[in-house]
Every structure is written in C-alpha cells, then in structure tokens.
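Note sheet for the following structure.
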Amino acid sequence: MKLNRPARRATLVVHVSASAGWLLLPAALLTLLSGLLLALGTPWGLARHRWVCTKFWLTLATTAATAFALRPVVNAAVTAATGGEALPDPGDVLFGPIVSLSAYLFMTAVSILKPWGPTRRGRKQREAARGAAENRRVRQAV
C-alpha cells in the first residue's frame with residue numbers, strides 16, 4: 001500500500017501530533033526554547049519564513065495562555081473535585097484545552113507542510129546569497 005501525497009502528509013501530521021502532546025507547562029517551555037534555538041541556529045531563521053514566525057508567535061501565545069489562563073482553571077477544577085465541591089463551568093474547563101490542542105495541531109501541520117514562503121527579509125537574504133554565488137562563478141570563469 002502506498003499513500004498518495006495528501007494522505008501521507010495528513011498521516012504524518014496526525015502521527016507527530018499524537019506523539020508530541022505537550023499540554024504540560026514545562027514541556028511547553030522546553031518546546032518554546034528549543035524551537036527558538038533551532039530557528040536561530042539553522043538556515044530556517046526566526047524571521048526568514050512566514051511559517052517559522054507564525055509558529056513562534058503561536059507557541060509563545062499558547063505557552064502564556066497555558067500558564068496564565070488554562071492552568072488556574074484546571075487547578076480550580078482539581079481543588080473543587082478533591083474538596084467534594086461542584087466543578088466549575090464545564091465550558092471554562094473544556095475551552096482552554098480545546099483551543100490549546102487546536103493550536104498545537106495547527107503548529108504541527110505548519111511545521112511539516114511549511115506553507116506561505118519566505119518573508120520580505122528572507123527573500124532579500126536569498127537574493128543576496130544568489131548574487132554572491134553568481135559573482136563567485138563569474139570570477140572563477142575569468
């Protein structure tokens with residue numbers, strides 16, 4: 001059995017998403033820091049491709065949301081459950097994880113598919129590199 005390209009890509013997104021699962025705050029911080037290191041330490045750069053910029057800002061936003069919005073709601077639900085009290089509004093308890101999981105799935109798909117092309121800065125750097133390579137070829141030919 002051979003998957004066609006869309007099916008293979010979709011399966012890859014599902015596989016990586018299922019294995020990533022970083023809903024805990026320490027893993028989210030590690031993901032943010034390691035992603036920043038990869039962006040700055042590889043040719044992808046932090047501001048050369050739109051998908052990298054999008055992922056960085058979404059990761060920063062979901063990490064902050066996890067720390068300041070999701071975690072207190074989950075802690076309140078745990079406290080209520082262990083104290084025998086009624087749980088907070090189910091919408092409040094479910095909304096955060098649903099939004100976070102949706103963002104994580106989107107960021108995983110963006111990481112694999114790499115849409116949208118380079119930023120203006122990335123295009124300028126690419127053109128400058130091509131110009132430098134062309135100049136070297138001309139000098140070598142002479």
Side-chain angles (χ1 to χ4, degrees), residues 1-82 85-142:
M1 176 179 151
K2 186 172 181 178
L3 295 174
N4 61 22
R5 185 175 182 188
R8 180 180 51 80
R9 290 176 123 184
T11 303
L12 187 58
V13 168
V14 169
H15 170 71
V16 173
S17 298
S19 65
W22 53 279
L23 289 173
L24 299 171
L25 188 57
L29 291 171
L30 180 62
T31 301
L32 179 64
L33 293 175
S34 63
L36 187 59
L37 180 64
L38 284 168
L40 296 174
T42 64
W44 290 108
L46 187 58
R48 293 181 189 160
H49 298 273
R50 287 185 177 95
W51 71 269
V52 177
C53 292
T54 301
K55 251 191 88 178
F56 173 74
W57 289 110
L58 276 175
T59 301
L60 192 61
T62 54
T63 301
T66 297
F68 300 115
L70 176 60
R71 191 169 181 188
V73 170
V74 171
N75 288 344
V78 168
T79 302
T82 57
E85 301 171 16
L87 290 176
D89 180 28
D92 289 344
V93 175
L94 290 176
F95 181 72
I98 289 170
V99 170
S100 294
L101 183 59
S102 299
Y104 302 149
L105 289 172
F106 176 76
M107 288 185 285
T108 300
V110 166
S111 296
I112 294 168
L113 304 176
K114 298 174 180 48
W116 309 312
T119 60
R120 184 177 304 141
R121 179 181 178 181
R123 281 191 302 273
K124 287 179 184 178
Q125 288 176 343
R126 185 182 291 170
E127 290 167 6
R130 285 180 184 159
E134 183 63 31
N135 287 339
R136 280 190 298 266
R137 274 187 252 137
V138 169
R139 279 188 231 136
Q140 289 174 353
V142 173

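From Y104, atom OH reaches atom OG1 of T108 across 10.5 Å, with rounding to the nearest 0.5 Å. From L94, atom CG reaches atom CG of D89 across 9.0 Å, with rounding to the nearest 0.5 Å. S100 contributes atom OG, which lies 11.0 Å from atom CG of L105 (distance to the nearest 0.5 angstrom). The OG1 atom of T62 lies 4.0 Å from the CE atom of M107; values are rounded to the nearest 0.5 Å.
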Would you give me the side-chain donor-acceptor pairs under 3.5 Å for residues 115-122, sequence neighbours excluded?
{"from": "T119", "atom 1": "OG1", "to": "A47", "atom 2": "O", "distance (Å)": "2.5"}
{"from": "T119", "atom 1": "OG1", "to": "R48", "atom 2": "O", "distance (Å)": "3.3"}
{"from": "T119", "atom 1": "OG1", "to": "G122", "atom 2": "N", "distance (Å)": "3.1"}

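The neighbour count for K124 NZ, taken as heavy atoms of other residues, nucleotides or ligands under 6.0 Å away, does not exceed 12.
With a 4.5 Å cut-off on side-chain heavy atoms, T54 and H49 do not count as touching.
Applying the salt bridge (charged side-chain N to carboxylate O under 4.0 Å, His left out) test to R137 and every residue at least two apart in sequence or in another chain returns E134. Residues meeting the side-chain contact (heavy atoms from CB on, under 4.5 Å) test with A64, sequence neighbours left out: F68. Residues forming a side chain to side chain donor-acceptor pair (under 3.5 Å) with S111 (at least two apart in sequence, or on another chain): K55. Applying the side-chain contact (heavy atoms from CB on, under 4.5 Å) test to L37 and every residue at least two apart in sequence or in another chain returns nothing. Annotation: side-chain contact (heavy atoms from CB on, under 4.5 Å) contacts of V99 (sequence neighbours excluded): F95. Considering only residues two or more places apart in sequence or on other chains, E127 meets the salt bridge (charged side-chain N to carboxylate O under 4.0 Å, His left out) condition with none of them. Qualifying side-chain contact (heavy atoms from CB on, under 4.5 Å) partners for N4, counting only residues two or more places apart in sequence or in other chains: P6, A7.
Shown here for A86 and A80, the closest heavy-atom pair between the two residues is O-CB, 3.5 Å.
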